[in-house]
Every structure is written in structure tokens, then in C-alpha cells.
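Counting begins at 1 with the first residue of the sequence.
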Amino acid sequence: MSLKEKSYSVLVVSASQNFITNMHDLLSSSKYETVKYTASISSAKRANIEKAYDIVLIDTPLPDGTGDELAIDLSTDESSIVMMLVHYDLYDEIHENYSKYGIFVAPKPISNELLTYSLNWLESARERTRGYEKKTLSIEDKMQEIRLVNQAKLLLITDKGMNEDEAHKYISKQAMDKCVSKGVIAKEILNK
């Protein structure tokens, strides 16, 4: 699936009606499946509790704070890619302090062209994290299968009098004979 076929959910946090209007025009593409606009840190936190967003844009400052802590909190959620827009006078300091959290920082005012490029970069970063999420799930699935096989081996050892090597060979042979994973055989043994 190409990047053009992917879809993204976006949370825009801004107290500026001009910025919201501008973002509404830029995010009207079908690749942005869900777009939520909030005007404060507290409303952004509530929105994030309801749904995790792929991309979060924070236009600072906000009426209830600078948005720094919100950006850090959301960026530590591995599924969200965060970009803060800060006044150009603060850019160097904010970039220096927040890039270590994986937060993208852009100076404002910002042109529509640069904002469009930034959205493309954020999409690319999100795709990278999606790849890591898939790998993590795969590892977790494998670990779960290992746990099941170990439990089944323990059951074979205690109930059938096998030693660990015999139990392992039994599970492996059953999996091979039935053309299924060892995890499936382990579940069968545990459910008997």
C-alpha cells in the first residue's frame, strides 16, 4: 500500500481561528480520516483519552499553558507523532529542549507550503512507528506462544511422566504431523 493510500487521524490544538481555518483546508484530503480541533490543553487531553491520534499539531501558546508538557506526554505515546509550532524567536531553544522526545518543532509564522511538507514528514514518521508496532506485536505473539509451550511441557512432565526433552519433542512432532504451530498443540494439551 502506497503512502497516498494510507490514512491518518489528526488532532489540531490551537486557539487561533486563522490557524484552524488554514489547517481545515490542508487536512481536507481523504487521507486524513479523522480530524479533531481543540482550543486548549485540557480539551486536547480529553480528546486523546477518547482516541489515540496518529499526528498531533500543537500551535503554541495556548490559553491554559504553553503546550510543552502536552507535547511531551503525547510524544511518549508511541503511536502519536507530535509537532509544535512556536514563535520563531523561541524556535532554537524549544527545538534544543524537545527534539530528544521526538517532537518536531517548526517556527511560525509558517507558510502553507512548508506546513504541507511538514505534514508529509509527520506521515513518514508515523509509518515508521507503525512498522515498529507491528514488530512489537510479532514479538509479543512469539513470547505468548513460548509461554504456552512451556506450560504444556510442564503439564506433560507432571501428568505423563515425560522429561523436558521428551515433552519438547512430543509437542514439536505433533505440530509437524498436524501442520500447525507449537502454540496450537500447546493449547490443545492445556485444554484436555
Side-chain angles (χ1 to χ4, degrees), residues 1-140:
M1 182 179 279
S2 76
L3 201 55
K4 290 181 180 182
E5 296 170 338
K6 301 280 185 177
S7 62
Y8 304 93
S9 57
V10 181
L11 175 62
V12 178
V13 187
S14 178
S16 165
Q17 191 56 48
N18 288 339
F19 184 76
I20 290 173
T21 301
N22 193 27
M23 290 309 302
H24 182 64
D25 293 341
L26 290 174
L27 297 172
S28 63
S29 165
S30 62
K31 71 178 168 181
Y32 302 110
E33 64 181 32
T34 304
V35 180
K36 173 98 174 164
Y37 297 92
T38 64
S40 66
I41 294 169
S42 57
S43 61
K45 286 180 180 179
R46 282 192 302 275
N48 192 60
I49 289 170
E50 293 170 10
K51 176 181 179 26
Y53 290 88
D54 295 314
I55 297 171
V56 179
L57 301 171
I58 303 172
D59 178 30
T60 66
L62 295 160
D64 51 349
T66 60
D68 299 2
E69 288 181 20
L70 174 65
I72 293 169
D73 289 345
L74 295 177
S75 70
T76 56
D77 173 13
E78 296 169 7
S79 65
S80 295
I81 304 300
V82 179
M83 184 168 108
M84 287 179 60
L85 292 114
V86 300
H87 192 272
Y88 69 90
D89 289 342
L90 301 172
Y91 173 80
D92 289 333
E93 178 186 345
I94 299 292
H95 175 70
E96 178 74 26
N97 291 331
Y98 294 97
S99 62
K100 64 185 170 194
Y101 298 105
I103 298 169
F104 291 83
V105 181
K108 63 180 189 175
I110 188 169
S111 69
N112 280 352
E113 184 178 31
L114 185 54
L115 202 47
T116 300
Y117 291 144
S118 297
L119 285 168
N120 291 336
W121 296 327
L122 297 171
E123 292 164 14
S124 296
R126 180 61 183 117
E127 287 309 310
R128 186 173 181 132
T129 61
R130 282 180 177 167
Y132 291 139
E133 289 168 359
K134 286 179 185 174
K135 285 181 184 177
T136 300
L137 288 175
S138 174
I139 291 169
E140 289 172 0

In chain order, what residues pass the side chain to side chain donor-acceptor pair (under 3.5 Å) check against [X], with sequence neighbours excluded?
{"X": "D68", "answer": "T66, Y98"}
{"X": "Y117", "answer": "E113"}
{"X": "T60", "answer": "none"}
{"X": "D92", "answer": "none"}

### Qualifying salt bridge (charged side-chain N to carboxylate O under 4.0 Å, His left out) pairs, either residue in residues 8-22, two or more places apart
none
### Residue pairs fulfilling salt bridge (charged side-chain N to carboxylate O under 4.0 Å, His left out) with at least one residue in residues 7-30, sequence neighbours excluded
none
Pairing residues for [X] by the side chain to side chain contact (heavy atoms under 4.5 Å, CB included) criterion, not counting sequence neighbours:
{"X": "A52", "value": "D77, S79"}
{"X": "Q17", "value": "I20, T21"}
{"X": "A106", "value": "M83, L85, I110"}

### Query
Which residue pairs pass the side chain to side chain donor-acceptor pair (under 3.5 Å) test with at least one member in residues 44-56, sequence neighbours excluded?
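For residues 44-56, and leaving out neighbouring residues, the side chain to side chain donor-acceptor pair (under 3.5 Å) pairs sorted by first residue read S9-D54, D54-R126, D54-R130.
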### Message
Using the salt bridge (Lys or Arg N to Asp or Glu O under 4.0 Å) criterion, which residues pair with D59? Sequence neighbours excluded.
### Response
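D59 satisfies salt bridge (Lys or Arg N to Asp or Glu O under 4.0 Å) with K108 once adjacent residues are dropped.
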### Query
With sequence neighbours left out, what residues match H95 under ring-ring contact (aromatic ring centres under 6.0 Å, His included)?
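H95: ring-ring contact (aromatic ring centres under 6.0 Å, His included) contacts with Y91.
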